[in-house]
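Structure, as C-alpha cells:
FYI, side chains are in, hydrogens and waters are out, and symmetry mates aren't considered; it's all heavy atoms of this structure. Given the structure is predicted, the values throughout are model-derived calculations rather than measurements.
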Amino acid sequence: EYTIKGTIPPHAHGVEQATGKYIVGFDPHVVISPGWFEVMLKTLKEKQKDGYEVIFSPFGVGSMTHKGGHYIAGSDLVRPNPFGRTSGQGQACHMGDDPYPVLSNSINGFISTKEWLLKIGNMFPEAFIEAGGHTAESLLIGIPTWMWGKKCLMQPAVVVEHPVYKLHKGVGWSAHMHLSMATGAYILGGEKYLAHMPQQYGEYAEGQFENIRKVAERSKKYVEEKAKVTLDELVNNWEQIRYA
C-alpha cells in the first residue's frame, strides 16, 4: 500500500522518493543498448529547448525487434482510440535513424525530468486507486505531454529489448490492466473512448467498467479545462501536430 496512488503506485512512490533531477523507466528484466543513458540524457538536454520533455527509445519484444539486422518494430497511431495499443506508437525504424516525434511508447526505456514526470505522470491519483498498477502508464506519460503543449521524441540510437514470455494466467488475470487503460482513455478523451474497450481488452472484473465514470469524472473535467490540445485534436491531426 502506497500513499501515492498514480498510474502505477510503486513507480509514483519511487519518483517521489528519488533525489536526482532525471527519471528513467525500466522493468528489471529488459536489456538496453550500450551507452543507453548517456545517449538519452544528451538527447533530452539538447531537445528541451524545442519543447521535448520525454525521450523514448524504441521498444522491442523478442523477434519483433530484429528484422534484417537492425530493424526496430513500431506501429502507427491507432484510430480512433490510441488506447487500443499500449506501446510502439510510431513508425518502425532502423537503429541509428534520426530521432523523430512519437505520441507515446512503453514506459520501458524513457527519460524525463522528475519535475515533468510528477506533473504529467501522477495527475489523477484518486481515479487510479482502483485502476493503477498496469499498462496505462505508457500512454499516460506520452499523451498528456502532447495535450499539455509539450512533445515526446523517439531516439533510435539506443534500443530497449524485452524478453519474450509465453505465459497463460487465465481469464480475468489482466482485468486491472484493462481497467487502467479504460480509465486513462476516459480521463483524457471522454465517453466515446470507452466504446470499444471491452472488445479490445477482454473481460473486466465485475463492476469495474461501469464504475469508471464515477471514479474518473473529476479528473476528466480537469483535463477538459486545462489541456491545450484535446485528445480528439491530437488523434485527428497527429501528422500535422507532430512536426509543428
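In this structure Phe26 satisfies the ring pair (Phe, Tyr, Trp, His ring centres under 6.0 Å) test together with Trp36, sequence neighbours excluded.
Between Ser33 and Met95, the shortest heavy-atom contact is OG-CE, 3.6 Å. Residues Met123 and Pro144 share a closest heavy-atom pair of CE-CB, 4.0 Å. The two atoms that bring Tyr193 and Ala185 nearest to each other are CB-O, 3.7 Å, heavy atoms only. Heavy-atom minimum distance, Leu231 versus Leu188: CB-O, 3.4 Å. When all heavy atoms of Pro101 and Tyr243 are compared, the closest pair comes out as CD-CE2, 3.4 Å. Nearest heavy-atom pair across Lys47 and Leu153 is CG-CD2, 3.8 Å.
One finds the OG1 atom of Thr183 at 9.0 Å from the CG atom of Asn211 (value rounded to the nearest 0.5 Å). Between the CD atom of Gln155 and the CG atom of Leu41 there is a distance of 12.0 Å, given to the nearest 0.5 Å. A distance of 11.5 Å separates CD1 in Ile107 from CG in Asn105, rounded to the nearest 0.5 Å. Annotation: the span from Leu179 atom CG to Ile212 atom CD1 amounts to 5.0 Å, rounded to 0.5 Å. Between the CD atom in Gln48 and the OG1 atom in Thr43 there is a gap of 11.5 Å [rounded to 0.5 Å]. How far CD of Gln240 is from CG of Leu234: 11.5 Å, rounded to the nearest 0.5 Å.
The local environment of CZ in Arg218 is sparse, with at most 12 non-hydrogen atoms from other residues, nucleotides or ligands closer than 6.0 Å.
Taking hydrophobic clusters as Ile, Leu, Val, Met, Phe, Trp and Tyr residues chained together by side-chain heavy-atom distances below 4.5 Å, Ile143 shares a cluster with Ile120. Taken together through direct or relayed side-chain contacts under 4.5 Å among Ile, Leu, Val, Met, Phe, Trp and Tyr, Leu194 and Val223 form part of one hydrophobic cluster. One hydrophobic cluster, built from ILVMFWY side chains closer than 4.5 Å, holds both Val102 and Met147.
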I would like to know whether Lys214 and Glu217 meet salt bridge (Lys or Arg N to Asp or Glu O under 4.0 Å); could you show each step before the answer? CA-CA 6 Å; Lys214 181 172 69 175; Glu217 188 64 30; over 6 Å; no
Would you check, one step at a time, whether the test side-chain contact (heavy atoms from CB on, under 4.5 Å) holds for Leu118 with Glu16? CA-CA 8 Å; Leu118 286 174; Glu16 286 278 10; 4.0 Å; yes
What do the steps show when you test Lys119 against Glu53 for salt bridge (Lys or Arg N to Asp or Glu O under 4.0 Å), and what is the final call? CA-CA 11 Å; Lys119 180 176 182 179; Glu53 294 287 353; over 6 Å; no
Is there a salt bridge (Lys or Arg N to Asp or Glu O under 4.0 Å) between Lys220 and Glu224? Walk through the geometry before answering. CA-CA 6 Å; Lys220 181 173 76 73; Glu224 290 171 349; 3.1 Å; yes
Assess whether side-chain contact (heavy atoms from CB on, under 4.5 Å) is satisfied between Met40 and Val158, documenting all intermediate values. CA-CA 8 Å; Met40 296 288 279; Val158 282; 3.8 Å; yes
The test is side-chain contact (heavy atoms from CB on, under 4.5 Å); show your working for Ile187 and Phe128 and say whether it passes. CA-CA 11 Å; Ile187 289 172; Phe128 281 90; 3.6 Å; yes
Verdict with supporting geometry, Phe110 and Ile141, side-chain contact (heavy atoms from CB on, under 4.5 Å): CA-CA 10 Å; Phe110 83 94; Ile141 292 173; 4.0 Å; yes
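The aromatic rings of Tyr222 and Trp148 lie parallel to each other, with less than 30° between the two planes, well short of the 60° mark.
With a 4.5 Å cut-off on side-chain heavy atoms, Ser219 and Tyr186 do not count as touching. Under the 4.5 Å side-chain criterion, counting only non-hydrogen atoms from C-beta, Thr19 is not in contact with Lys114. Put simply, the side chain of Val160 does not reach to within 4.5 Å of the side chain of Val31, judged on heavy atoms. You'll find the side chain of Trp146 stays beyond 4.5 Å of the side chain of Val229, heavy atoms only.
Applying side chain to side chain contact (heavy atoms under 4.5 Å, CB included) to Phe56 and the options Pro99, Cys152, Ser112 leaves one that passes, Cys152.
Judged purely by atom type and a 3.5 angstrom limit, Asp97 has no side-chain atom pairing as donor or acceptor with the backbone of Cys93. Ser57 contributes a side-chain N or O that, together with a main-chain N or O of Gly109, makes up a donor-acceptor pair within less than 3.5 Å.
No side-chain donor-acceptor contact under 3.5 Å links Tyr52 and Glu46. Side-chain atoms of Thr145 and Trp116 form a donor-acceptor pair, as typed in the model, at a separation below 3.5 Å.
Remark: Glu115 does not engage Lys21 in a salt bridge, criterion side-chain N to carboxylate O under 4.0 Å.
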